[in-house]
Protein chains: 2
Amino acid sequence: MKLQQLRYLVEVARQGLNVSEAAEALHTSQPGVSKQVRLLEDELGITVFERSGKRLTGITEPGKAVLEISERILREADNLKRVGEEYAGEDTGSLNIATTHTQARYVLPAVVSRFLGRWPKSPHVAPG
Amino acid sequence: MKLQQLRYLVEVARQGLNVSEAAEALHTSQPGVSKQVRLLEDELGITVFERSGKRLTGITEPGKAVLEISERILREADNLKRVGEEYAGEDTGSLNIATTHTQARYVLPAVVSRFLGRWPKSPHVAPG
DNA sequence: CGACCTTACGCGTTACGTAACTATA
DNA sequence: TATAGTTACGTAACGCGTAAGGTCG
């Protein structure tokens with residue numbers, strides 16, 4: 001089960017059971033959506049969409065439950081990304097180092113290198 | 001962001017910040033867990049685990065939020081699988097067909113074939 | 001015949017496991 | 001020195017897009 005399969009599933013439902021429109025809304029190909037929806041149905045052992053031949057004509061009872069839960073999961077996944085944005089910037093700041101020429105020349109480089117290795121997001125290292 | 005990354009993350013936290021034990025509990029390799037945790041942290045822009053050199057020593061504040069949400073997502077994912085089990089069996093039954101030899105010989109095969117194509121889970125087709 | 005879903009297939013990406021490296025206690 | 005996490009790398013699996021195939025209205 002993959003998050004993207006849930007997105008595909010939910011989008012198909014939101015687009016009035018139209019796989020083509022769902023694919024376009026998700027900026028991907030229609031066969032991809034079709035396949036992933038199938039795979040998810042297989043994995044869950046559930047038929048989510050009623051099919052009349054090759055058209056989707058409705059949502060089954062278990063399908064409704066699946067869609068509800070899927071939407072919850074996707075909402076939570078969005079929340080997860082939002083956590084990143086909320087806390088972004090809070091662990092930033094600046095660190096000034098004063099020392100002698102000798103230390104700066106022979107000791108600092110190694111120390112700074114290790115520091116940058118440990119905190120990869122540190123953007124700026126400048127003299128002055 | 002992938003569901004497995006969330007599983008890895010949560011398991012590491014549950015195993016007392018021990019990546020090796022988490023890997024074993026998940027029946028996978030330790031480097032895999034390490035890498036996926038890193039990738040998730042990068043994608044979210046968040047440091048979940050405090051690191052002292054190469055040991056994990058604590059959970060950051062945003063990390064706690066991430067873990068909470070991740071656990072919710074995983075619970076919901078389990079619910080999804082459970083929906084499958086709950087409804088399993090409800091759309092099963094048997095269908096008996098009585099007809100003439102001629103029909104059975106020349107018409108039935110195509111019809112049965114289409115039926116099986118439409119309901120792939122049909123396990124048994126037997127004369128009787 | 002037109003719209004639309006599914007299957008087939010080739011390609012690029014990604015995850016995973018093994019091995020080697022590094023750092024901490 | 002022992003333990004634990006990370007990096008490197010080769011392989012296998014997976015997702016995706018294009019093209020071809022079927023089916024219903």
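Reminder, nothing fancy here: chain letters follow the sequence lines and each chain counts from 1.
If you take NZ of A:K54 and C1' of D:dG21, they are 7 Å apart, rounded to a whole angstrom. The interatomic distance linking A:R51 (CZ) with C:dT6 (C1') rounds to 10 Å, in whole Å. Following rounding to the nearest Å, A:L56 (CG) and D:dC24 (C1') show an atom-to-atom distance of 13 Å. Rounded to a whole Å, the CZ atom of A:F49 is 15 Å from the C1' atom of C:dT6. Per the geometry, CG belonging to A:N18 stands 11 Å off P belonging to C:dT6, to the nearest Å. The interatomic distance linking A:E43 (CD) with D:dG15 (P) rounds to 10 Å, in whole Å. Atom NZ of A:K2 and atom P of D:dC16 are 9 Å apart (whole Å). Atom-to-atom, NE2 of B:H27 to P of C:dC16 comes out at 15 Å; the value is rounded to the nearest Å.
Out of C:dC5, D:dT18, C:dA3, the shortest distance to the side chain of A:P31 is found at D:dT18. Taking only side-chain atoms of A:S52, from C-beta outward, the nucleotide of D:dG25, C:dT6, C:dA25 with the closest atom is D:dG25.
Residue-level contact check: A:S29 touches the bases, meaning some heavy atom is under 4.0 Å from a base atom. Counting any heavy atom pair closer than 4.0 Å across all strands shown, A:Q36 reaches sugar-phosphate atoms only and no base atom. Within the 4.0 angstrom heavy-atom criterion, only backbone atoms of the sugar-phosphate kind lie near B:Q4; the bases stay farther away. Contact annotation for B:Y8: backbone-only contact, meaning every heavy-atom pair under 4.0 Å involves sugar-phosphate atoms and none involves a base.
Within the structure, a side-chain polar atom (N or O) of B:T28 is placed less than 4.0 Å from OP1 or OP2 of C:dG17.
A salt bridge links B:E41 to B:R51: one of the charged nitrogens lies within less than 4.0 Å of a carboxylate oxygen. In this structure, B:R14 pairs ionically with B:E11, as a charged nitrogen and a carboxylate oxygen lie closer than 4.0 Å.
When the options A:V37, A:V10, A:L39 are evaluated for a side-chain contact (heavy atoms from CB on, under 4.5 Å) with A:Q5, the one that passes is A:L39.
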